[in-house]
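Some notes on the structure that comes next.
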Amino acid sequence: RIGTAALAVQVVGSNWPKPHYTLLVTGLCRFQILQLLKEKPYPVAEVEQLDRLEQFTNQHKSEEELGELSEQFYKYAVQLVEMLDMSVPAVAKLRRLLDNLPREALPDILTSIIRTSNQEKLQILDAVRLEERFKMTIPLLVRQIEGLKLLQKTRKPKQDDDKRIVAIRPNRRINHIPSTTEDEDEEDDHDDVVMLEKKIRTSSMSEQALKVCLKEIKRLKKMPQSMPEYALTRNYLELMVELPWNKSTKDRLEIRAARILLDNDHYAMEKLKKRVLEYLAVRQLKNNLKGPILCFVGPPGVGKTSVGRSIAKTLGREFHRIALGGVCDQSDIRGHRRTYVGSMPGRIINGLKTVGVNNPVFLLDEVDKLGKSLQGDPAAALLEVLDPEQNHSFTDHYLNVAFDLSQVIFIATANTTATIPPALLDRMEIIQVPGYTQEEKIEIAHRHLIPKQLEQHGLTPQQIQIPQVTTLDIITRYTREAGVRSLDRKLGAICRAVAVKVAEGQHKETKPDRAEVGEGEDCKEHITEDAKPESISDTADLALPPEMPILIDFHALKDILGPPMYEMEVSERLSQPGVAIGLAWTPLGGEIMFVEASRMEGEGQLTLTGQLGDVMKESAHLAISWLRSNAKRYQLTNASGSFDLLDNTDIHLHFPAGAVTKDGPSAGVTIVTCLASLFSGRLVCSDVAMTGEITLRGLVLPVGGIKDKVLAAHRAGLKRIIIPQRNEKDLEEIAANVRQDLTFVMASCLDEVLNAAFDGGFAVKPRVERLNSKL
Ligand code: ADP
């Protein structure tokens, strides 16, 4: 029946995550209930005040009586406080309070500070007589002192201590002791700084770093926290503590397991896998990290990133990807100096902080897309990172101390080597990753992409079947790419559409599906045989409506993905003279390229459109010159029958996809063929594509990117490919099944090119000497 009267100082409420209130009260005195007047809606009672009043009146008396007890209590209290770290301002303040406060207030205050159970606290509050209160609190103090003694014996600077100090800090507002919030915050902060210092001392950073950190923390202690530099320094120190100076994962490397893992994760790409295994094997034999830095170069979506990830997996290392596309500021790599507001470390140091170990695999994605700006050249910063001779003491501007990067494995990816700065290229070993053939794409889709998509969409092979013919349809009619990324997206779209059907089907409303897939009925049986569902659980079977699996045939495909995006348009476009198909190489893989020409009356001008580079413009001039010089031989005439092809004639050459910049010498033979067709009025064969550089004397010179170009021609359904004789060796890299589908013509001069490009050849007509009879 004893309670504590209190004044509510603050009520804080929140509705989230559930309604709750925090009540801040100032205790006034103890009281006793004399009589309960009413209970509802809230209790009202007549009370009698028990302490304070009485004490103030009988202060002298009680002090005399309790002299011994209070003296004893005071001694224990002082002993307890002195065991704490006096450099903490909160503790020093407490020590002062012990002397300044009236003794009888001490039991209440100390009980709230030391570790006690709620039960014990209530007992103290219930104790009305001061003597009783002292008697009850002393054992609690002694217990706390003993506890601290024990702790100090086994003392190692541990975090636990810090917590205890925090726990012992008095909450003075409850105990009548005025204090401002600012004060408290400062103390809070000071505790944190002490903690930070401990962390720095126990962390395993290099000696140089430790020196810098200790210096900084000294400054931090003296700094008022309102200074902007305070936060800056603190962030810096926190980063230093977090960095994995000495923490690494243990490599587990077994070449046989690595081979299996690589094979399981990736279909095809034999050359790349072979080189990666060699790299790993060397690492296994020689634990020296100064190996070359691998750089995978190839079109998007051919699995460069994903091989990088596999390497990390085989080694059991952490993986981190650093996207370099568009980075044009040196400090992105090397960090900002700490003098700037908002300065931060570069991506390398940030990556290390993220992975938390000092030997991860870093994938430097898109090194060919590094920019350059006034803020310096990021490629130059990367040089230091990638050079094994230098990177053991890589200095980030923000850290300003060296960090050892020599344990990190760097792998780079790029779409083309043309835009990689030469110095950077020099440090890397380039591995070309060409695009995939249709057959490879089908295999990749069925082995990797479809199972992955099914899993992502919560579907099972019992609910959806995508036969290989459908995959081929998607590849040829809905995508035109070297890699498999948009194929993957299309498969995702199909899975989403099927997920809707399946969800609807659970209401037994799947009849329309049946009609939709009806036409694929006969191939359905065939498919269920060869693409066996991997696991059929009984429960899943029961839940499925009988129409499952939904079979994706061409009609379903059209419903889901819309009408085909790419048709075989080649023959249509070649229905007029003056069009030929060339093969181009782009960072995104090979492409077929139409070259169009037309002539009109004029003054012998050549107009070129389609965003051509200088080299390509020169090829066009070469082609015209060669044709003009050989016009008689081939019986080529302009509109008015003259062998001077530019006499009264303008020629316009256009390279479609007009918005894309094009350059390079390899369109030479195509331009010649296109113009030959224009002037002879004959059609170029609709299934022929060509590539090759020309000279003024009509020779055909070798060009690069043959494999990608051939794959592009194959994708487009072309049958005959004219390539320079000296590129014959490049054909060996092309898969046998692709080679089988195509006929290759090796040309060493333009006569051979023209002969192969036109049906029935473009043979030089024997010169018929016409007699001009004059009468
Ligand atoms: P890149 O980095 O070359 O642009 P990604 O590595 O991101 O391409 O590959 C895109 C997707 O294609 C990934 O999901 C990857 O798993 C898949 N992929 C690419 N090539 C293969 C392959 N040979 N086998 C299995 N999956 C592949």
Side-chain angles (χ1 to χ4, degrees), residues 258-277 293-314 319-326 361-370 409-417 419-420 428 430-457 466 468 471 474-475 478-496 585-590 705 707-708 711 715 733-735 737-738:
R259 185 193 294 274
I260 293 171
L261 204 126
L262 273 178
D263 279 341
N264 282 350
D265 283 359
H266 300 96
Y267 180 76
M269 42 170 56
E270 298 307 332
K271 206 168 126 194
L272 176 65
K273 284 196 278 197
K274 188 168 150 248
R275 183 63 191 89
V276 167
L277 279 177
I293 284 145
L294 299 182
C295 177
F296 304 148
V297 178
V302 291
K304 300 182 297 291
T305 315
S306 118
V307 169
R309 199 167 274 135
S310 283
I311 293 179
K313 206 157 94 185
T314 43
F319 177 81
H320 186 73
R321 178 171 163 266
I322 299 178
L324 294 176
V361 172
F362 271 167
L363 187 90
L364 304 171
D365 224 355
E366 322 275 15
V367 271
D368 54 332
K369 301 199 180 50
L370 280 175
I409 294 187
F410 289 100
I411 296 172
T413 78
N415 290 141
T416 165
T417 48
T419 49
I420 303 181
M428 302 191 287
I430 304 296
I431 303 176
Q432 295 283 353
V433 194
Y436 296 118
T437 62
Q438 277 171 10
E439 287 71 22
E440 283 170 345
K441 283 190 194 174
I442 293 178
E443 284 300 323
I444 292 173
H446 283 265
R447 285 171 195 229
H448 299 283
L449 305 181
I450 296 179
K452 208 166 64 188
Q453 288 290 354
L454 291 192
E455 198 198 318
Q456 275 175 12
H457 289 85
I466 305 180
Q468 298 211 343
T471 322
I474 306 175
I475 292 168
Y478 289 89
T479 65
R480 187 164 281 178
E481 53 169 358
V484 291
R485 200 167 280 155
S486 54
L487 173 62
D488 197 27
R489 273 202 293 272
K490 300 283 174 207
L491 291 171
I494 292 173
C495 288
R496 281 197 297 279
W585 181 89
T586 71
L588 310 184
K707 184 173 180 191
D708 281 322
L711 288 180
R715 274 203 293 278
E733 282 180 32
I734 296 167
N737 57 344
V738 175

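Any value given below was found using the heavy atoms of this structure, including those in side chains, with hydrogens, waters and symmetry copies removed. Just follow the structure's listing: the first ligand is 1, and inside any ligand the first atom is 1.
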Practice prompt. Using distance alone, determine whether I444 and ligand 1 share an N or O pair under 3.5 Å.
Written response: no
Item to complete: Classify the contact between R447 and ligand 1 as side chain, backbone, both or neither, using a heavy-atom distance cut-off of under 4.0 Å.
Response: neither
Practice prompt. May I ask you to list the atoms of ligand 1 that are less than 4.0 angstrom from any heavy atom of V302?
Written response: 3 (O), 8 (O), 19 (C), 20 (N)
Worksheet item: Hey, is R309 close enough to D265 for a salt bridge, meaning N to O under 4.0 Å?
Response: no
Worksheet item: Out of curiosity, E366 CD to T413 OG1, how far, rounded to the nearest 0.5 Å?
Response: 5.0 Å
Worksheet entry | Proximity of D265 to ligand 1 by residue part, where a heavy atom lies under 4.0 Å | backbone
Practice prompt. Record the part of K452 in heavy-atom contact with ligand 1 below 4.0 Å; permitted values are side chain, backbone, both and neither.
Written response: side chain
Fill in: Heavy atom of protein inside 4.0 Å of atom 11 (C) of ligand 1, strictly below
no
Discussion item. Among L491, I444, I494, D488, which residue satisfies the side-chain contact (heavy atoms from CB on, under 4.5 Å) criterion with I450?
Written reply: L491
Response to the item:
With N737 as partner, the option from Q438, E440, E439 fulfilling side-chain hydrogen bond (donor to acceptor under 3.5 Å, both in side chains) is E439
Practice prompt. Give the contacting part of K304 toward ligand 1: side chain, backbone, both or neither, where contact means a heavy-atom distance below 4.0 Å.
Written response: both
Item to complete: Consider every N or O of S306 and every N or O of ligand 1, then say whether any pair is closer than 3.5 Å.
Response: yes
Discussion item. Can you tell me how far apart OH (Y436) and CD (E481) are? Round to the nearest 0.5 Å.
Written reply: 11.0 Å
Discussion item. If the test is side-chain hydrogen bond (donor to acceptor under 3.5 Å, both in side chains), which one of K441, H446, K490 qualifies with T471?
Written reply: H446
Discussion item. Under a 4.0 angstrom heavy-atom cut-off, which atoms of ligand 1 come close to Y436?
Written reply: 20 (N), 21 (C), 22 (C), 23 (N)
Worksheet item: Is there at least one pair of N or O atoms, one from T305 and one from ligand 1, spaced under 3.5 Å apart?
Response: yes
Worksheet item: Under 3.5 Å, N or O to N or O, is P300 touching ligand 1 that way?
Response: no
Item to complete: Could you tell me whether a side-chain N or O of D708 sits under 3.5 Å from a main-chain N or O of W585, the two making a donor and an acceptor?
Response: no
Worksheet item: Considering distance alone, does some N or O of L449 sit under 3.5 Å from an N or O of ligand 1?
Response: no
